[in-house]
2 protein chains.
Amino acid sequence: MGRTDEVFAALASPVRRDVLRLLLDGPQPVQRLAEHFDMRRPSLSEHLKVLREAGLVSERRQGRFRYYSLEAEPLRDVADWLTPYERFWRAKLAGLRDLLDEEEL
Amino acid sequence: MGRTDEVFAALASPVRRDVLRLLLDGPQPVQRLAEHFDMRRPSLSEHLKVLREAGLVSERRQGRFRYYSLEAEPLRDVADWLTPYERFWRAKLAGLRDLLDEEEL
DNA sequence: TTGACGGGTAGGGGATTTCCTACCTATTGT
DNA sequence: ACAATAGGTAGGAAATCCCCTACCCGTCAA
């Protein structure tokens, strides 16, 4: 599994996407993140592990707390992957779909 | 599972992302798509089903062929989801550039 | 020092994924 | 009409995912 694969796989879970959204407000300890989820803490720990291994979060230990921070850089891969499709949904919005269809066949 | 969930889940598979990439060249029958994958056709059919249910492809029957087309519009959800993170990876890049500039001194 | 707290790991169970082979339908060419 | 072709569905096996409980370590406070 390449790194981009891991990033897309990590984003496949709504829980993990929610974690990233929460981290937009800044680094937070696990407990605070856990308040937002209806699951036991070890399960959240595993989600954090997936995010860590995809490079999407980092942790900083401080006393008995572990602050998790957003690492958005791998998301650039997603944005880059998305680029070639952009013109297609823009075309759709502009009502140019018929034109595209003619081009295609 | 909401629609955005389905889209992210569909993109989690490298095979399905490859299918979308192939469809950038225009609608194609299943056979032609299958040439690019090391798997039996029914397995590919199931991947196509996942893409269909996520709204990422559509099919048009013509004779005994089924032409699959890219439907990029749901990808806009992904792009929208990405937006709030953009400034973070830009910040990171700027930081790296600053570091490099310092080193160059 | 001892308990409580923050948070990770181990291991298991059920659900889901992903591949397979076998089979089915619809269309086309002979 | 019949065989071949395009491609979907059925059902099963293996792997993976996601949640759980039980347990572990490190840190802080009494």
Side-chain angles (χ1 to χ4, degrees), chain A residues 1-23 26-71 105, chain B residues 1-23 25-71:
Chain A
M1 225 195 199
R3 199 186 79 135
T4 300
D5 281 1
E6 278 179 358
V7 172
F8 274 103
L11 297 182
S13 156
V15 170
R16 290 189 292 262
R17 291 199 306 279
D18 282 347
V19 168
L20 295 180
R21 186 177 44 74
L22 290 168
L23 291 179
Q28 294 174 53
V30 176
Q31 257 195 141
R32 176 128 38 166
L33 295 171
E35 290 167 9
H36 299 271
F37 300 98
D38 183 26
M39 75 175 56
R40 306 292 169 192
R41 207 192 21 71
S43 304
L44 181 57
S45 266
E46 281 157 22
H47 283 297
L48 290 171
K49 185 179 188 176
V50 173
L51 289 168
R52 240 185 293 126
E53 290 175 349
L56 286 163
V57 302
S58 60
E59 81 169 8
R60 180 191 85 218
R61 280 161 224 227
Q62 183 168 338
R64 44 185 169 173
F65 296 86
R66 280 152 137 106
Y67 285 82
Y68 276 86
S69 304
L70 178 66
E71 295 294 334
L105 202 69
Chain B
M1 224 195 200
R3 198 185 81 136
T4 301
D5 281 1
E6 277 179 359
V7 173
F8 273 102
L11 297 182
S13 157
V15 170
R16 291 189 292 262
R17 291 199 305 279
D18 282 347
V19 168
L20 295 180
R21 185 177 44 76
L22 289 167
L23 292 179
D25 294 335
Q28 294 174 53
V30 177
Q31 257 195 140
R32 177 131 37 167
L33 295 171
E35 290 167 9
H36 300 270
F37 299 98
D38 183 27
M39 74 174 56
R40 306 290 168 195
R41 209 195 19 73
S43 303
L44 182 58
S45 266
E46 282 156 22
H47 283 296
L48 290 171
K49 184 179 189 179
V50 172
L51 289 168
R52 241 186 290 124
E53 290 176 349
L56 286 164
V57 302
S58 61
E59 77 166 15
R60 180 190 87 219
R61 279 160 222 231
Q62 184 168 338
R64 51 187 162 170
F65 295 87
R66 283 156 138 105
Y67 284 83
Y68 276 85
S69 303
L70 179 67
E71 296 293 335

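In what follows, chains are A, B, ... by sequence order, proteins preceding strands, each numbered from 1. Basis for what follows: all heavy atoms, side chains included, without hydrogens, waters or symmetry-related copies.
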Between P of C/dA26 and CZ of B/R61, the distance in whole Å: 10 Å
Spacing of A/E6 atom CD relative to D/dC17 atom C1', expressed in whole Å: 15 Å
Residues in contact with DNA chain C, drawn from residues 32-44 of chain A - heavy-atom cutoff 4.0 Å: A/R41, A/P42
Where at least one partner belongs to residues 41-51 of chain A, residue pairs that pass side chain to side chain donor-acceptor pair (under 3.5 Å), sequence neighbours excluded: A/R16-A/H47
Full working for side chain to side chain contact (heavy atoms under 4.5 Å, CB included) between A/L23 and A/L56: CA-CA 10 Å; A/L23 291 179; A/L56 286 163; over 6 Å; no
N/O donor-acceptor pair under 3.5 Å between B/R52 side chain and B/V57 backbone: no
Minimum-distance nucleotide to B/Y68 side chain [options: D/dG8, D/dC18, D/dC19]: D/dG8
What's touching nucleotides 28-30 of chain D from the protein side, N or O pairs under 3.5 Å?
none

Nearest-neighbour nucleotide for the B/Q31 side chain, D/dG7, D/dC18, C/dT9 considered: D/dG7
Student check: side-chain heavy atoms of B/R17 and A/D5 closer than 4.5 Å: yes
Contact under 4.0 Å: B/H47 side-chain N or O vs C/dT17 OP1/OP2: no
Length of the CZ-P vector between A/F65 and C/dG8, whole Å: 13 Å
Residues that B/E53 engages under salt bridge (Lys or Arg N to Asp or Glu O under 4.0 Å), provided they are two or more places apart: none
Nearest-angstrom distance from the residue atom CZ of B/R17 to P of C/dT18: 11 Å
Any residue of residues 48-58 of chain A with a heavy atom less than 4.0 Å from an atom of DNA chain C: none
Nearest-Å distance for atom pair CD/C1', residues A/E59 and C/dG7: 9 Å
Close side-chain approach of B/E59 to B/L48, heavy-atom, < 4.5 Å: no
Residue A/S45, side-chain atoms from C-beta onward, closest of C/dC19, C/dG7, D/dG8: C/dG7
Atom-pair distance (CZ on B/R60; P on C/dA26), nearest Å: 21 Å
A/E46 (side chain) and D/dC17 (base): donor-acceptor pair under 3.5 Å: no
Sequence-distant partners of A/Y68, ring-ring contact (aromatic ring centres under 6.0 Å, His included), two or more places apart: none
